[in-house]
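Working notes, beginning with the structure itself.
No experiment lies behind these values; they were computed from the predicted model shown. Position 1 is the first residue of the sequence, and the numbers go up from there. First listed ligand is number 1; within each ligand, the first listed atom is number 1.
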Amino acid sequence: MFSESAIKKIGRSETILILTGAGISAESGVPTFRGENGLWKKYKPEELATPDAFRNDPVLVWEWYRYRRDIIRSVEPNPGHLALAAMEETVPNLVLVTQNVDGLHARSGSKRILEVHGNIMRSRCSQCARTLPADEETWRNGVPVCECGGMMRPDVVWFGESLPRQVLEEAFTAAEECDVCLSIGTSALVQPAASIPWHAVQAGAYVLEINPESTPLTPHIQEFVKGKAGIVLPELLRQVREQQQKNPGR
Ligand code: BJW
Ligand code: ZN
């Protein structure tokens, strides 16, 4: 499944950067965006995931996000999330950058997480930018409202919006400093997150991708492992631990 050199590189690395996308949560039952059963087959991104869509019909946008919150509340982290959380113990410095808004990495015990597209279980005031966890929202006529009277919106990054600046800077710094980069369960299409592993490639890191399908990144990296994250990642963790036990000096 993995080359011996990949296992050695991971087992001996000081800094690993991991980028995850919707595919890592697919085995938990959270739909991905693209592909046969993806959300964008059934729903139009321009009607639901843009600032204009929210201005035009906030109630419709919130209906969609409530539907997705309900799915996320009903699911559990899968063996892929759990393997990444356990991997934090095997590397001195592991930075987990996720495009996912589902919070499943935190629920599985990962600690250093950079959520570049926000979190669906939080809302943000469209007037004063105050944020609130979902369970503290006050709803009026199908939309949560802020103390200041403004409408709350989901605290996620829509198309055409900037990603949180500091979070993104930390992700790119990690990409430039890492020895190994893993790109897992992402179509590698949505910018600027998709360029994070490219930065790692250019900085000379060993880049490994895990996905049942190839992506635009695949031809440019050292190793592509074709498969589901929930199967591949526990096996990767097992082999890295075995390698470290055989060579405790790193
Ligand atoms: C498995 C698996 C298993 C399945 N195990 N794997 C033209 C060129 C370049 C850029 C642009 C362009 N036109 C517009 C842009 C900019 C745009 C963009 O990149 N668009 C592209 C689609 C072309 N980007 C933006 O707008 C960003 N902002 C920005 O650029 O600001 C500057 C700017 C300002 C003003 C004007 C223009 C630019 C913001 C992007 C925000 C993305 N937001 C979303 C929604 C978040 C909120 C929500 O959840 O509702 O983020 S869109 C959606 O895509 C979501 C995801 O995080 C993101 C990435 O998707 P991801 O995670 O890769 O999922 P999928 O479904 O695509 O792929 C799943 C993968 O898993 C597949 O590969 C499967 O094979 C695999 N898989 N099962 C492992 N079991
Ligand atoms: Zn407010």
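- Going from atom CZ of Phe224 over to atom OG1 of Thr218 covers 5.0 Å, rounded to the nearest 0.5 Å.
- Atom 78 (N) of ligand 1 has its closest protein heavy atom at Ala26 CB, 3.8 Å.
- With respect to atom 69 (C) of ligand 1, the closest heavy atom belonging to the protein is Gly185 O, 3.7 Å.
- Distance check on atom 11 (C) of ligand 1: every protein heavy atom falls at or beyond the 4.0 Å cut-off.
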Report task. Decide yes or no on side chain to side chain donor-acceptor pair (under 3.5 Å) for Glu223 and Ser3, but give the supporting numbers first. Result -> CA-CA 8 Å; Glu223 199 154 332; Ser3 72; 2.8 Å; yes
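- We find the NZ-CD1 distance between Lys226 and Ile210 to be 13.5 Å, quoted to the nearest 0.5 Å.
- Considering backbone and side-chain N/O atoms, Thr215 never comes within less than 3.5 Å of an N/O atom of ligand 1.
- Inclusion of Ser162 in the set of residues having an N or O under 3.5 Å from an N or O of ligand 1 is not warranted.
- Neither Ile184 nor Leu189 shares a network with the other; the hydrophobic side chains, linked directly or stepwise wherever heavy atoms of I, L, V, M, F, W or Y lie under 4.5 Å apart, form separate groups for each.
- Distance CD/Gln99 to CZ/Phe33: 9.0 Å, rounded to 0.5 Å.
- Taking only nitrogen or oxygen atoms, main chain and side chain alike, Ala229 reaches within less than 3.5 Å of ligand 1.
- The proximity of His117 to ligand 1, defined as any non-hydrogen pair under 4.0 Å, is limited to the side chain.
- Criterion: ILVMFWY side-chain heavy atoms under 4.5 Å apart, direct or through other members. Under it, Ile24 and Ile16 are part of a common hydrophobic cluster.
- By the 30° and 60° cut-offs, the orientation of the rings of His105 relative to His81 is perpendicular.
- Other residues sharing the hydrophobic cluster of Ile196, ordered by chain and number and joined by side-chain separations under 4.5 Å: Leu17, Leu19, Val95, Val97, Leu114, Val116, Val157, Leu163, Val167, Leu168, Phe172.
- Closest to atom 60 (O) of ligand 1 among all protein heavy atoms lies Arg34 NH1, 3.1 Å.
- Ranking the protein heavy atoms by distance from atom 4 (C) of ligand 1 puts Gly23 CA, 3.9 Å first.
- Around the CD atom of Gln191, the shell of radius 6.0 Å holds more than 12 heavy atoms that belong to other residues, nucleotides or ligands.
- When heavy-atom distances to ligand 1 are checked against a 4.0 Å cut-off, Ala49 has no atom that comes that close, whether in backbone or side chain.
- The distance criterion of under 3.5 Å between nitrogen or oxygen atoms is not met by Trp40 with respect to ligand 1.
- With a 4.0 Å cut-off on non-hydrogen atoms, Val101 touches ligand 1 through its side chain and not its backbone.
- Distance screen at 4.0 Å: atom 74 (C) of ligand 1 has a protein heavy-atom neighbour inside the cut-off.
- Within a 6.0 Å sphere centred on CG of Asn141, heavy atoms belonging to other residues, nucleotides or ligands number 12 at most.
- Ligand 1 has an N or O atom lying under 3.5 Å from an N or O atom of Phe33, backbone or side chain.
- With values rounded to the nearest 0.5 angstrom, His220 atom NE2 is found 10.5 Å from Glu209 atom CD.
- Closer than 4.0 Å to atom 2 (C) of ligand 1 lies at least one heavy atom of the protein.
- Within the 4.0 Å cut-off (strictly below), no protein heavy atom is located near atom 16 (C) of ligand 1.
- At least one N/O-N/O distance between Val157 and ligand 1 falls below 3.5 Å.
- Under the 4.0 angstrom criterion for non-hydrogen atoms, Pro212 is in contact with ligand 1.
- Summarising the local packing, NZ of Lys44 is surrounded by 12 or fewer heavy atoms from other residues, nucleotides or ligands at distances under 6.0 Å.
- The nearest protein atom to atom 21 (C) of ligand 1, hydrogens excluded, is given as Leu189 O, 3.8 Å; this is a heavy-atom distance.
- For Glu161, a nitrogen or oxygen atom sits less than 3.5 Å from a nitrogen or oxygen atom of ligand 1, counting backbone and side chain alike.
- Atoms of ligand 1 found under 4.0 Å from any heavy atom of Glu27, numbered from 1 in the order shown, are 3 (C), 5 (N), 80 (N).
- By the 6.0 Å and 45° rule, Arg66 stacks over the aromatic ring of Trp139.
- In terms of N/O distances under 3.5 Å, ligand 1 is not approached by Gly21.
- For the residue pair Arg124 and Ala129, the shortest heavy atom distance occurs at CG-O, 3.6 Å.
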- Query: When you look at Thr90 and Gln244, which way does the side-chain contact (heavy atoms from CB on, under 4.5 Å) test go after all the steps?
  - Reply: CA-CA 8 Å; Thr90 68; Gln244 288 182 333; 3.6 Å; yes
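- In terms of polar-atom proximity, Arg68 is counted as a contact of ligand 1, with an N or O under 3.5 Å from an N or O of the ligand.
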- Message: Please evaluate residues Gln239 and Glu235 with respect to the criterion side chain to side chain donor-acceptor pair (under 3.5 Å), reporting the C-alpha separation (whole Å), side-chain torsions for both, the decisive distance (0.1 Å), and the verdict.
- Response: CA-CA 6 Å; Gln239 290 190 27; Glu235 179 56 20; 2.7 Å; yes
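- Here the heavy atom of the protein found nearest to atom 37 (C) of ligand 1 is Gly160 CA, 4.4 Å.
- At the shortest separation from atom 62 (O) of ligand 1 among protein heavy atoms lies Ala22 N, 2.8 Å.
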Using the rule given for side chain to side chain donor-acceptor pair (under 3.5 Å), can you reason through Asp102 versus Ser25, listing the C-alpha separation, both sets of side-chain angles and the distance that settles it, and then say yes or no?
CA-CA 8 Å; Asp102 58 29; Ser25 297; 2.6 Å; yes
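- Trp62 does not carry Arg153 over the face of its six-membered ring by the limits of under 6.0 Å from the centre and within 45° of the normal.
- The distance from the CE atom of Met121 to the CD1 atom of Ile72 is 5.0 Å, given to the nearest 0.5 Å.
- Protein atoms of type N, O or S found under 2.8 Å from the Zn ion (ligand 2) total 4.
- Less than 4.0 angstrom separates some heavy atom of Thr186 from each of these atoms of ligand 1: 61 (P), 63 (O), 70 (C), 73 (O).
- Both the backbone and the side chain of Lys228 come within contact range of ligand 1, each with a heavy atom under 4.0 Å.
- Looking at Trp158 against ligand 1, only its backbone comes within 4.0 Å, counting heavy atoms.
- One distance of note links NE2 of His117 with OG1 of Thr98; it measures 9.5 Å at 0.5 Å rounding.
- With ligand atoms numbered from 1 in the order given, ligand 1 contributes 47 (C) to contacts under 4.0 Å with heavy atoms of Val156.
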- Just do the side chain to side chain donor-acceptor pair (under 3.5 Å) check on Asn93 and Arg112 with the steps written out, would you? CA-CA 9 Å; Asn93 193 15; Arg112 189 160 173 209; 3.0 Å; yes
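- Each of Arg130, Arg122, Arg69 was scored for a salt bridge (Lys or Arg N to Asp or Glu O under 4.0 Å) with Asp155, with one residue passing: Arg122.
- Under 4.0 Å from ligand 1, not a single heavy atom of Leu48 appears.
- Of the protein's heavy atoms, Asn211 OD1, 3.3 Å lies nearest to atom 76 (C) of ligand 1.
- Proximity annotation for atom 9 (C) of ligand 1: of Gln191, Glu213, Glu209, Gln191 comes nearest, heavy atoms only.
- Checked by distance only, ligand 1 and Gln99 come closer than 3.5 Å through their nitrogen or oxygen atoms.
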